[in-house]
Every structure is written in C-alpha cells, then in structure tokens.
Peer 1: 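Following this message is one structure expressed as structure tokens.
Every chain is numbered from 1, with letters handed out A, B, ... down the list of sequences. Just so it is clear, the model here is predicted, and its values are computed rather than measured.
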Number of protein chains: 2
Amino acid sequence: MLSYTEENYLKTIYHLSEGGQKSVLTNEIAASLLTKAATVTDMIKKLSQKEFITYEKYYGVNVTKKGKTHALSIVRKHRLWETFLVEKLNFMWDEVHDVAEQLEHIQSPLLIEKLDEFLGYPTADPHGHPIPDKHGKIKQEKQIVLKDAIIDKALTVCAVRNGSSSFLQYLSKIGVSIGVSLIVKERIEFDGSLEVSIQNKKPQLISREAAENILVKE
Amino acid sequence: MLSYTEENYLKTIYHLSEGGQKSVLTNEIAASLLTKAATVTDMIKKLSQKEFITYEKYYGVNVTKKGKTHALSIVRKHRLWETFLVEKLNFMWDEVHDVAEQLEHIQSPLLIEKLDEFLGYPTADPHGHPIPDKHGKIKQEKQIVLKDAIIDKALTVCAVRNGSSSFLQYLSKIGVSIGVSLIVKERIEFDGSLEVSIQNKKPQLISREAAENILVKE
DNA sequence: ATAAAAGTTTAGATTAATCTAAAAAATATT
DNA sequence: AATATTTTTTAGATTAATCTAAACTTTTAT
C-alpha cells in the first residue's frame, strides 16, 4: 500500500518516463512536484526499496512493471473522475484537474468499477487522454501534433497536451474542443503559427506554441 | 485549514457531543478512533488552539460554533457521497460507509455544490440520516425509536442508528429499509422483543437490540 | 477521609515527509 | 587534463501524528 505522497511521486515519475526511454532525473522530479532534490532522493529510495522503481545513484530512475501497473491504476482513476466531473456534474474542462488530483487517491476498487460502468466505459477523458482499462490496457489511437499536420487535410481534434486553465480557456474561446474538425490552410514560416479553419469557418491564426499542444487525428 | 486527521477528530467529537450536553471525554474519543488517550490529548490541544473546540484539562471537550460549522460540512459531504454511491452507482447501503469516510475529506466547495444539485438536493442519506444544507441547517423530522413505538399504529421506517454491515444486512434480509411501513403488533415483556408486521405481511419477531436501532415516524 | 482505582496528561521516542547546508559525483569548460 | 559548474546525495533539523511509560488528577470505595 502506498501513501498519498508516494502515489504522487510514482505517478509523476511515470509521466516523466512516458515517451522517452531515458531514466528520469532527480531534478526533473523535484521540478514537477515543486519540491527539493534532497526530498526526492529520500522518496526514490523508498519507492525503489518497495520495487516500484529501480534507481541507480546519480543516474536516475526507471519504473518497474509493478510500478507501471500501479501508476496506470492512478491514471485510470484520475481520468475516470475527470470524465465524471465534466459529463455528470457539468464542470468546465479547465476546472477538473485539481479535484481529480484528490479523487485519484481514494482507495476502493469497487468504486472505480462502478464509476466506470456508470460512465459507460469511456476510453478517453475530457481532454482526450486515453483511460486505461481495469487491466491497465490503453486504447491508443494515432495522434498527430497539430503543428506537424499536413496542409488542407481534414483533421479532428482528439486531445490537448496541456491541462492548464489558461490554455483550455483560450481553446474554448477560439472554438476548439475535443471532436472539433480542423483544416490547416497555411503555415507561416516566420514564427511557425498556422492559419486554421475551425469547423469549416473562416481561417484564423493559431500560434506555434498552441499548435504544439493540440493533438489531432486524420 | 484542517488536516485529514484533524477533520476526523473534529467529526468524531461532534458526533459524540450530539444529543447530550455533557463534555466529551478523552477516553471516549480514543475509543471511537481506536487510538490512545495520550494521542487524543495532543490532538485536542491542537484543535482547541485553533478554536474548533474548547478544552478544560481533565474535564473534557466542547465543540465551538466554528467547530460545529466545520463538522457539519464534513457530515454533509459524507452523506451526500453516500447518497451518490447508493442512488447513482448502485452500491448496497451496507457498502458505502468506508468509501464515504475517504470522500468526505475532498476539498472542493464547487464539487459539493454540483454533487448536491446532481442528486436533486436530497435531505436524507440512504440510512435516513439528515443531510445538512450548505448553510449547515438540518431538516429534522420527529423520529421515534421503534422499541418505544405504540402498538397497532402505522409507522414508516425513516432511519437506522447503526451503520454496520452486519446490521444492515440483517435488515435487508427481513425486508426493512428506509420508507418501509411497519406496525408493531405485540411487545414481549420478557426480553423486549417485538412482533412486527412489515409492509402488512404476517408479523415476525424483531429483537430489542434491533428495535433500538430502527427509527420510525408516524 | 484516606486509600485504591480509573482516567488524563506529560515526557520522551518513533516514523513519514519535508527542508537547508555541506559533501560528493558527474558534466562542462578552458 | 585540470578546473569550474551543475547535479545529486548525505547529514542534520523540523513538524505532524503516533506510541509507551511515568506522573498527576479525579472519582470511587472502604
């Protein structure tokens, strides 16, 4: 059984290790959790002692099979709760993160089973992130970063990379949400911004920064 | 802001102080929380320092106005979550307590507002206990302990005093749940057990012990 | 009314999570 | 390659929550 704090460390390490296969460094974890490197060193000793991660002094951390399983169950809970908050309680998609951070630590397998059923076994949360099933399996569809999308091709928004309120509110303002159709009309060489038609309306400019945080499928 | 642990102490002290107007004693709190008197002493010093309770050495504890307000908000959360679990997620009424003990500590006034709305502003939880409104107001109907009920009078079950699984499962078995109609047909002097007709069916015996834990209204 | 019993508090430790400052190791620079 | 810089770890403290054992109050019983 992991404490609330240990779960937060494990989840953070798991997210930092996603994608890349390099070890996760002490300072990256400290930065993510807004804590100090010394604290992180203590915690990773504890987590490696419990075999959720492996740890080589000065070289960083890797998540074990056991650790990944546990991390995925936390991610599953987080995303199911976010879905509940938006679909059932009418939260805005930028209001759910902090509450889900708390709810993800509730210990009750039965609760999660029943919540999943109540929500109709969703496969993605309100930000388009995949929800692992109860065995930890993720149904991942091929996603393209909007920045790299081909010109004049019909696209559908399937996820956002950044869950910050300011970004999500900006997206809402320009009419971008999960499932919306986009067509990139032009790429501005100078600053990497894009002219994009949203739901077939007249094209508008989206900055490179924003386009790096929007994921689409064909 | 109270910690998870402080909230549990405050809630327990509040419940122990309900009904009686006597001070709550250290050992009662320790027994309720399955902890030691020395630990309780430390904690009540902290809570009285924060003015949620008043405390006179060796004579026990009383909940302040501020403490009552906070305790009621925890009780409100607990009972709203229990209602959610039973009404929306199809939990059995004997399965909800432990999960609600965790959920009651989630910090988000918006969440509770929205949950309350989603549930249709319920005034009682699945065990018949009143749910304080957002101002801490409790809609209390006059309740009678079944043991003391008048013979041959039509009654409706409105609450149970004891939330243990074993008791709730027993009640389910004999067909007693909130809202069910009862008529006490006879009181056995010897052991205080009652002959009760449940939903107008043929009377059956209910022990004094059980009858002390069932609340009814006329 | 005094002694015994029961209940409560204090003192001193322990564990988890955190911090700062100093030491050690790895990486980058000249 | 030697030195400087950055990163990480270790050492030593601190706070919250808990415990046991000893000391102190209050209550009960003789």
Side-chain angles (χ1 to χ4, degrees), chain A residues 1-14 16-17 20-63 67 70-71 74 101-102 104-107, chain B residues 1-14 16-17 20-63 67 70-71 74 101-102 104-107:
Chain A
M1 190 89 307
L2 294 185
S3 72
Y4 191 102
T5 311
E6 289 169 326
E7 285 199 341
N8 275 334
Y9 275 84
L10 178 58
K11 188 185 58 155
T12 297
I13 294 165
Y14 171 73
L16 290 171
S17 75
Q21 62 289 301
K22 305 169 297 304
S23 294
V24 179
L25 303 176
T26 302
N27 265 357
E28 298 179 57
I29 301 168
S32 260
L33 288 166
L34 304 176
T35 184
K36 300 294 145 117
T39 311
V40 173
T41 301
D42 284 346
M43 201 48 142
I44 63 190
K45 276 182 193 161
K46 192 152 39 135
L47 284 174
S48 74
Q49 217 264 302
K50 294 184 178 182
E51 301 187 306
F52 289 92
I53 57 178
T54 55
Y55 162 51
E56 216 188 320
K57 255 190 177 184
Y58 293 103
Y59 286 91
V61 165
N62 286 87
V63 179
H70 197 99
I74 302 168
E101 285 290 294
Q102 297 180 62
E104 74 189 6
H105 300 288
I106 302 292
Q107 305 290 165
Chain B
M1 190 88 309
L2 295 185
S3 70
Y4 191 104
T5 311
E6 288 169 327
E7 285 199 341
N8 276 334
Y9 275 84
L10 177 58
K11 188 185 57 154
T12 297
I13 294 165
Y14 171 72
L16 290 171
S17 75
Q21 63 288 301
K22 306 169 297 304
S23 294
V24 179
L25 304 175
T26 302
N27 266 357
E28 299 179 55
I29 301 167
S32 260
L33 288 166
L34 304 177
T35 183
K36 301 295 146 119
T39 312
V40 172
T41 301
D42 284 345
M43 200 49 142
I44 64 192
K45 276 183 193 161
K46 193 152 38 134
L47 284 174
S48 74
Q49 217 264 302
K50 293 185 179 181
E51 301 186 307
F52 288 93
I53 58 179
T54 55
Y55 161 53
E56 216 189 320
K57 255 190 177 184
Y58 294 103
Y59 287 91
V61 166
N62 286 87
V63 179
H70 197 99
I74 303 169
E101 284 290 294
Q102 298 179 62
E104 73 189 7
H105 300 289
I106 301 291
Q107 305 291 162

Peer 1: Can you check whether A:V40 reaches A:L33 side chain to side chain, under 4.5 Å on heavy atoms?
Peer 2: no
Peer 1: Just call it for A:Y9: base, sugar-phosphate, or nothing, with non-hydrogen atoms closer than 4.0 Å on any strand.
Peer 2: sugar-phosphate
Peer 1: Return the value, rounded to whole Å, for the distance between atom NZ of A:K45 and atom C1' of C:dT15.
Peer 2: 16 Å
Peer 1: Find which nucleotide of DNA chain C each of A:E6 and B:E28 is nearest to by heavy atoms, and output the residue with the more 5' nucleotide.
Peer 2: B:E28
Peer 1: Check each of B:K50, B:E7, B:E6 against B:H70 using the side chain to side chain donor-acceptor pair (under 3.5 Å) test, and report the only one that passes.
Peer 2: B:E7
Peer 1: Looking at C:dT20, D:dA21, D:dT9, which one has an atom nearest to any side-chain atom of B:A38?
Peer 2: D:dA21
Peer 1: Could you state the atom-to-atom distance from CD of A:E56 to C1' of D:dT8 in whole Å?
Peer 2: 13 Å
Peer 1: Which residue is it: B:N27, B:L16, B:V24? I am looking for the one with a side chain to side chain contact (heavy atoms under 4.5 Å, CB included) to B:S32.
Peer 2: B:L16
Peer 1: Establish, with yes or no, whether the OP1 or OP2 oxygen of D:dT18 is under 4.0 angstrom from a side-chain nitrogen or oxygen of B:T39.
Peer 2: no
Peer 1: By nearest atom, which of the nucleotides D:dT18, D:dT10, C:dT8 is closest to the B:T5 side chain?
Peer 2: D:dT18
Peer 1: Using atom CG of A:L47 as one end and atom P of C:dA16 as the other, report the distance to the nearest whole Å.
Peer 2: 13 Å
Peer 1: Any salt bridge between B:K11 and B:E101, counting N to O under 4.0 Å?
Peer 2: yes
Peer 1: Starting the side chain at C-beta, find the nucleotide from D:dC19, D:dT8, C:dT20 nearest to B:K36.
Peer 2: D:dC19
Peer 1: Starting at atom OH of B:Y4, determine the distance to atom C1' of D:dA16, rounded to an integer number of angstrom.
Peer 2: 16 Å
Peer 1: Can you measure A:Y59 atom OH to C:dT27 atom C1' for me and round it to whole angstrom units?
Peer 2: 9 Å
Peer 1: Within this structure, what is the OH-to-P distance between B:Y58 and D:dC24, rounded to whole angstrom?
Peer 2: 9 Å
Peer 1: Taking OH from B:Y55 and P from C:dT10, how many angstroms apart are they, rounded to a whole number?
Peer 2: 6 Å
Peer 1: To the nearest Å, give me how far apart CG (A:N27) and C1' (C:dT27) are.
Peer 2: 13 Å
Peer 1: Go through the structure and list residues passing side-chain contact (heavy atoms from CB on, under 4.5 Å) with A:Y4, not counting sequence neighbours.
Peer 2: A:N8, A:Q102, A:H105
Peer 1: Hey, does the side chain of A:T35 come within less than 4.0 Å of C:dT18's phosphate (OP1/OP2), counting only N and O?
Peer 2: no
Peer 1: What does B:T41 touch in the nucleic acid at a heavy-atom separation under 4.0 angstrom: a base, only the sugar-phosphate, or nothing?
Peer 2: base
